[in-house]
Each structure stands twice: as structure tokens, then as C-alpha cells.
Amino acid sequence: MRIARTTLVLLLANLVAFGLVWRATSAHRQTAASQDLLFPAALAKIELTESGQKLVLEKRPSSWRITAPIEWPANLWAVQRLLDEIRFIDGDKGFATAETKAAGGSLATYGLTAPRWILRTTSDAGATLEVKIGENKDTRRLFLLTANGNRIIPLGDAMAAALEAKPESYRVDKIFEIADFEVRTVSARLRQKDGDSVTSLSYEERTRPGRKNQGPEWRFEAPFDALADPDRATKAITDLSNLRAVKFADADESETGLATPELRLGLEGNSRRQVLLIGKPKVGAPAQRWAKLEDNASLFLVETKALTEWENPKATLASARPADFDPELASGLTITSGGRFITLHRLDATGAEPRWEIPVAPGSTATKRREADGKLIREFLTSLTRLRATLAGPNASPTLVPAGQLPADPLHKAEVEFGGDRIVLSFFATPTSAAAPGSLLVHQKGSPLAAVCDISLLRNAQAAVDPKAWRNRELAELAAGAKVTGLRLTDKADGNVIGEARLGPDGNWAGTGRLDPASSRRLATALMQVRATEFPTRDIGAGDFRYELRITDQVAAGATGASESFRTYLCTAPLNRTAVLVRDEGDGDDFLLETSLAEILIPLLGSDGR
């Protein structure tokens with residue numbers, strides 16, 4: 001396709017025109033419109049004087065402060081509003097002073113003979129500028145007289161509002177400058193008749209038994225070394241660091257009581273410390289108390305209820321948990337009660353379902369090594385960590401008792417091992433003043449406090465020293481490929497066989513008496529796994545064993561062919577429709593059969609329960 005000559009000419013013309021336009025615009029230098037700003041853009045200090053009262057604002061590295069008439073952090077929003085208005089006052093606006101005089105006017109017309117405000121600014125470079133601001137009494141408009149007195153500039157309503165703001169509006173009502181996330185130490189000194197009571201908490205990381213990769217946490221440093229309650233302590237410290245002044249006011253020391261403060265609260269963080277002094281309640285308003293910072297003369301009022309946690313922090317902020325550990329890290333457990341004890345050891349170092357054993361230890365109640373129930377042990381250890389001191393009093397504080405007031409000998413004791421470390425928990429009778437059904441005093445060895453706890457969730461396991469209480473409930477389970485091939489039920493009183501069945505080569509059951517084929521199949525399937533619901537540690541009134549159930553098990557055929565083994569269970573008369581007491585003849589411990597299996601077996605015993 002050929003390009004037409006006219007098209008080519010137009011294309012070249014466009015390129016030439018574009019080049020000329022680009023050359024002209026690139027060489028052009030537009031003169032930018034600019035304002036003749038009266039004040040420097042970067043101000044470091046503002047002094048505003050009205051009727052002899054001076055407000056001084058000074059810039060600090062990261063904030064502004066009021067340095068007169070009081071020393072206090074400034075409200076950044078209020079300061080920014082004033083800065084914005086000052087910075088954009090245009091020196092070209094307004095009119096010359098000479099024009100006013102030529103028209104028969106004077107500075108008094110604009111309130112500038114006796115100005116309402118004197119505004120003095122200091123820039124970051126140290127340059128100062130002082131102007132006068134007056135008010136026209138008829139129009140209530142504000143006018144600024146420049147430093148050289150040559151020009152009068154009218155001011156807008158926004159500038160008027162910024163100038164008329166009271167000094168109080170430039171103060172922040174937040175008392176502490178230390179943010180809550182910065183706080184690392186908190187102290188409270190309460191004045192009392194018999195001497196000051198000092199409490200100190202610190203945020204630190206410390207290795208504890210039963211904990212791995214433990215991060216920093218709040219702890220008491222004084223009057224004792226103990227953990228603080230993580231939730232209550234964090235909230236109380238956050239609330240304290242964000243405490244607000246209700247009102248700034250002046251009063252005599254006799255009224256404030258701050259010459260000898262009743263309470264001193266100190267916060268420390270990021271290499272700085274602030275101390276708040278708390279004085280007397282305000283006369284006529286007991287819900288408010290006088291306060292001031294230790295290094296600041298400004299007086300203010302705070303809400304009395306905001307200080308409740310700090311009037312006795314060792315009682316309100318102490319940890320309500322007598323035990324805090326990770327149950328998965330436990331490697332051993334010893335329970336002592338009534339002069340007897342039992343020891344449980346973990347067999348697996350890892351695993352979602354670790355195996356435990358009941359070893360035969362000198363003096364232990366265990367006379368035969370048994371496998372322990374890992375689920376029961378995990379539930380007990382978890383329940384220990386969930387114990388909490390009961391709450392009491394108007395502030396719902398945990399009920400704690402000094403360790404020095406505990407009896408010499410505990411009722412029960414639980415020792416939890418973690419490798420080479422251990423936690424020892426002792427259980428004592430609850431004092432009469434704090435007694436409640438199902439509660440005991442729980443104390444961790446080394447702790448200065450014991451907690452009154454509702455121990456119902458332990459289900460009395462803290463006193464379980466009988467091996468039966470901790471035995472594995474899994475009593476028998478056939479391996480893969482094994483099966484039950486024979487059943488025989490005998491009445492022990494006369495030796496009569498009341499039912500017998502056998503699994504044939506074709507996979508069908510043949511039986512006599514009470515063990516008909518259908519019942520035999522159901523029972524054989526259920527007997528592939530035998531579980532106990534409980535190993536009774538006392539007489540439950542089941543009577544003598546009246547029946548014998550003999551079971552033939554066959555393992556999968558191997559190189560040497562199939563082999564058989566036998567199990568024999570003794571059964572009492574049923575206790576009810578779902579419970580029967582059973583004993584493994586080769587074991588010796590009586591147990592209540594799991595409900596699902598018991599419901600299949602009980603009808604075959606000729607009784608539906610008592």
C-alpha cells in the first residue's frame with residue numbers, strides 16, 4: 001500500500017509543530033506566585049500575652065510543652081491550630097498605617113493603641129518577631145500591627161478563635177507522658193500509721209519450671225517475689241499510665257495534703273521516671289482527690305475510683321493461680337495423702353498421646369507395675385493449672401492467705417516433675433473466715449501466698465493414692481487381624497455352662513444356651529476391646545462373682561499357622577441395667593465394665609440388673 005503525498009506532508013508538519021512547542025515551553029520560566037508570609041515557617045516558641053497573663057508554648061524534640069503559666073505537655077491539636085493560623089498570615093494583605101492616618105483614623109480605631117494581645121514568636125534559627133493584635137470595639141474584628149508598625153493586617157475568624165482559646169485548652173489531661181507499652185516498673189508507696197507500705201512490680205523475663213520460651217511478665221519485686229495476675233496487672237498499669245486529670249485547679253497545701261502525700265505512684269520506662277503524688281479528697285467532692293506530679297507544681301484532681309487497685313496492689317494484683325505450667329511438659333507426678341503416696345512416670349518424651357506408668361517405688365501404694373491412663377493424668381494436670389482463687393470483697397479481689405499462716409502439715413500434696421525441675425502444690429483446710437463448700441487452700445512451694453480455690457474440678461484426684469484410680473482404662477485390645485473365636489459362659493455356683501459358642505471356618509457363629517449365634521456375634525465383636533469405666537477403690541455392694549466368661553482369641557495366621565490364647569473374666573450379678581463388676585482372672589483388679597459392652601453382656605447373665 002502506498003502512502004499518499006498529502007498524508008506524508010501533514011505528518012511532517014505535525015512533527016515540526018510539536019518540536020517548536022516543546023522548545024518554547026522548555027525555555028519558558030514561569031514566575032511563581034508567592035506569598036510574603038509574615039512569620040517564619042518553622043517556629044520553636046510562641047508567647048501570647050493577654051491582659052498581663054502570658055501563655056508560652058515551646059517545641060521539644062517530639063512534642064510541644066506549655067512553659068507558662070504552668071509547666072505541662074501541650075495539646076498538639078490545639079497548638080497545631082494556632083501554628084497554622086500564624087504561619088499563613090500574609091504580609092502583603094491589609095493596608096499601610098500611613099493610609100489610616102491620612103484618612104483621619106488612628107491605631108486606636110483598630111484597638112492597637114492598647115492591644116489586647118502581644119504575640120511574640122521565635123524561629124528554629126533563633127529569630128524573634130513581635131506583633132500587636134487589637135480589636136475594633138464596634139465590629140469585634142481583629143487587626144494585627146506589624147513589628148515595624150507600618151502595616152495593619154485584618155485577621156480572620158479562625159485566627160480569632162485560636163487567640164481567644166483559654167490556656168487550659170492547650171493542656172492535655174493525660175497525666176503521665178510514659179506510654180503504657182513503655183512501662184517496665186511500677187511502684188506504689190502508701191502512707192500508713194505504722195510506716196509506709198511499698199509495693200513494686202517489674203516487667204521481666206524469667207525462667208520458670210514447667211514453662212518453655214516464657215516471655216516477659218509482670219512480677220512483684222516488693223514486698224515479696226511472686227507473679228502478678230497477667231490480666232488484672234496489665235489492665236491496672238494501662239489504666240494508670242493513661243490516667244486523666246479531671247480538672248486543673250489551685251488550692252492551699254492544707255487542703256490538698258500534698259506536703260505529705262497519702263499515696264505515691266511511680267512509672268518507669270525508656271530511661272525516664274515519673275511519680276504521681278496523691279493527696280486528700282476534695283472538700284465536698286470525695287469522689288475526687290488532689291494530685292500533682294513530683295517534679296511539677298501544677299495541681300489537679302483525679303477520680304478516686306481510678307486509684308482503687310493501687311491502694312493495696314499486693315492483694316488486688318497478685319496472681320490468682322496457685323499453679324501455672326504447661327501440662328504437656330510434665331514428666332512425672334507424685335500424689336501424697338493420708339501418709340500414703342503414689343508415683344506416676346511418663347514413658348514417652350514426645351507424642352500427642354504420651355504413655356504413663358505406675359512404677360513400684362519404695363513406700364508407694366503400687367505393688368505391681370501398671371500402665372497408667374494418660375488421659376486421666378493430663379486432665380488432672382490441666383485442672384491444676386485452671387485452679388483460681390475465689391473472688392471476694394467489693395473489688396472482687398482474689399482470696400489469698402499469707403504462706404506464714406498455713407498449718408505445718410498439708411492434707412494432700414501433688415509434686416509435678418519437669419525433667420530436673422518440679423512444682424510442689426500443697427492442699428490445706430480452708431480458714432473458717434473464707435470457708436466454702438468444695439474449697440481448699442492451695443499453695444505452691446516457695447510462693448508467699450496461698451489461694452482459696454474451688455477444687456471441685458479436680459474430682460478429688462489430689463487425694464487419689466490408690467493405683468486403681470490411675471490405671472489405664474484400656475484393658476484388652478486385639479491386634480489387627482486377630483479375632484474372638486470362642487465364648488463360654490459358666491455359672492460359678494454349680495459349674496453349669498449356661499452358654500457356649502464357636503466361630504466356624506465359614507465365619508458363622510454356632511452356639512447353645514444363652515449364647516445364640518446373633519448374641520455371640522455381638523458379644524465377640526464387643527470383646528475385641530475391653531475398657532473399664534472405673535476401678536472402684538471401695539466396696540460398691542456388688543457381692544460375689546457369680547459368672548465366668550472364658551474367651552478364645554485367635555491371632556492372624558503366620559508362617560507357623562494360627563495360634564490361640566485365652567482370657568477369663570469373672571462377673572458379679574449386674575448392679576443395674578448398664579453396670580456390672582468384672583475381674584480379669586489374670587489381673588486381680590475389679591472394674592466396672594464399659595457401658596456399651598455391659599449392655600450386651602448383662603442380658604446374657606440372665607438378669608437385667610437389680
Side-chain angles (χ1 to χ4, degrees), residues 353 370-371 373-376 468 471-493 495-536 540 542-558 561-609:
E353 293 292 338
R370 305 279 194 186
E371 185 168 351
D373 193 315
K375 182 180 178 181
L376 284 177
K468 293 180 180 180
R471 275 203 61 177
N472 191 352
R473 268 52 176 168
E474 298 279 354
L475 298 178
E477 184 173 7
L478 297 187
K483 56 186 176 182
V484 175
T485 58
L487 298 169
R488 187 177 66 188
L489 186 60
T490 305
D491 189 328
K492 286 177 59 66
N496 288 332
V497 176
I498 58 178
E500 187 169 9
R502 190 78 184 179
L503 180 65
D506 58 355
N508 294 318
W509 282 87
T512 61
R514 296 177 186 173
L515 289 174
D516 59 79
S519 300
S520 301
R521 182 178 296 278
R522 290 182 61 212
L523 182 60
T525 302
L527 287 170
M528 292 184 69
Q529 182 184 55
V530 178
R531 284 183 52 86
T533 58
E534 181 185 349
F535 289 89
I540 59 174
D544 297 331
F545 291 102
R546 294 174 54 180
Y547 305 99
E548 177 185 281
L549 176 63
R550 184 175 176 84
I551 304 164
T552 303
D553 299 323
Q554 184 182 84
V555 300
S563 62
E564 292 186 336
S565 60
F566 302 95
R567 290 179 280 160
T568 301
Y569 295 108
L570 304 179
C571 309
T572 65
L575 296 167
N576 53 49
R577 295 178 183 274
T578 60
V580 60
L581 189 67
V582 178
R583 175 186 296 173
D584 185 339
E585 198 173 54
D587 186 305
D589 284 345
D590 303 342
F591 61 93
L592 288 173
L593 197 61
E594 185 183 39
T595 303
S596 60
L597 179 53
E599 288 177 338
I600 297 173
L601 178 61
I602 287 173
L604 302 177
L605 300 179
S607 171
D608 59 358

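All values reported here derive from a predicted model rather than from experimental measurement.
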Inset, instruction - Indicate yes or no: at least one non-hydrogen side-chain atom of T572 is less than 4.5 angstrom from one of V580. - result: yes

Legend entry - Short N-O contact, D587 and R370, less than 4.0 angstrom: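 Here D587 pairs with R370 in a salt bridge, since their nearest N and O are under 4.0 Å apart.
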
Inset, instruction - Using a strict cut-off of less than 4.0 Å between a Lys/Arg side-chain nitrogen and an Asp/Glu carboxylate oxygen, indicate whether D544 and K492 qualify as a salt bridge. - result: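 Looking at K492 together with D544, the answer is no, because their closest N to O distance does not fall below 4.0 Å.
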
Verify, without hydrogens or angle tests, whether [X] (side chain) and [Y] (backbone) share a donor-acceptor contact under 3.5 angstrom.
| X | Y | answer |
| --- | --- | --- |
| S519 | L515 | no |
| R473 | R531 | no |
| N576 | T578 | yes |

Inset, instruction - Take V530 and L593 through the test side-chain contact (heavy atoms from CB on, under 4.5 Å) and record every step on the way to the result. - result: CA-CA 8 Å; V530 178; L593 197 61; 3.9 Å; yes

Legend entry - Partners passing side chain to side chain contact (heavy atoms under 4.5 Å, CB included) against Q554 (at least two apart in sequence or in another chain): K483, T485, A562, E564

Any chance you could measure [X], atom [atom1], to [Y], atom [atom2], to the nearest 0.5 Å?
| X | Y | atom1 | atom2 | answer |
| --- | --- | --- | --- | --- |
| L478 | R567 | CG | CZ | 5.0 Å |
| T512 | R488 | OG1 | CZ | 11.0 Å |
| Y569 | L475 | OH | CG | 6.5 Å |
| R550 | E500 | CZ | CD | 10.5 Å |
| I551 | F566 | CD1 | CZ | 11.5 Å |
| L570 | R583 | CG | CZ | 6.5 Å |

Inset, instruction - Check step by step if side-chain contact (heavy atoms from CB on, under 4.5 Å) holds for R546 and L605. - result: CA-CA 9 Å; R546 294 174 54 180; L605 300 179; over 6 Å; no

Inset, instruction - Determine the minimum heavy-atom distance between V484 and W509, stating which atoms define it. - result: O-CZ2, 3.3 Å

Inset, instruction - Evaluate the side-chain contact (heavy atoms from CB on, under 4.5 Å) criterion for residues L523 and L597: first the C-alpha distance (whole Å), next the side-chain angles of each, then the deciding distance (0.1 Å), finally the verdict. - result: CA-CA 8 Å; L523 182 60; L597 179 53; 4.1 Å; yes

Legend entry - Derivation of the side-chain contact (heavy atoms from CB on, under 4.5 Å) call for F545 and D590: CA-CA 10 Å; F545 291 102; D590 303 342; 3.6 Å; yes

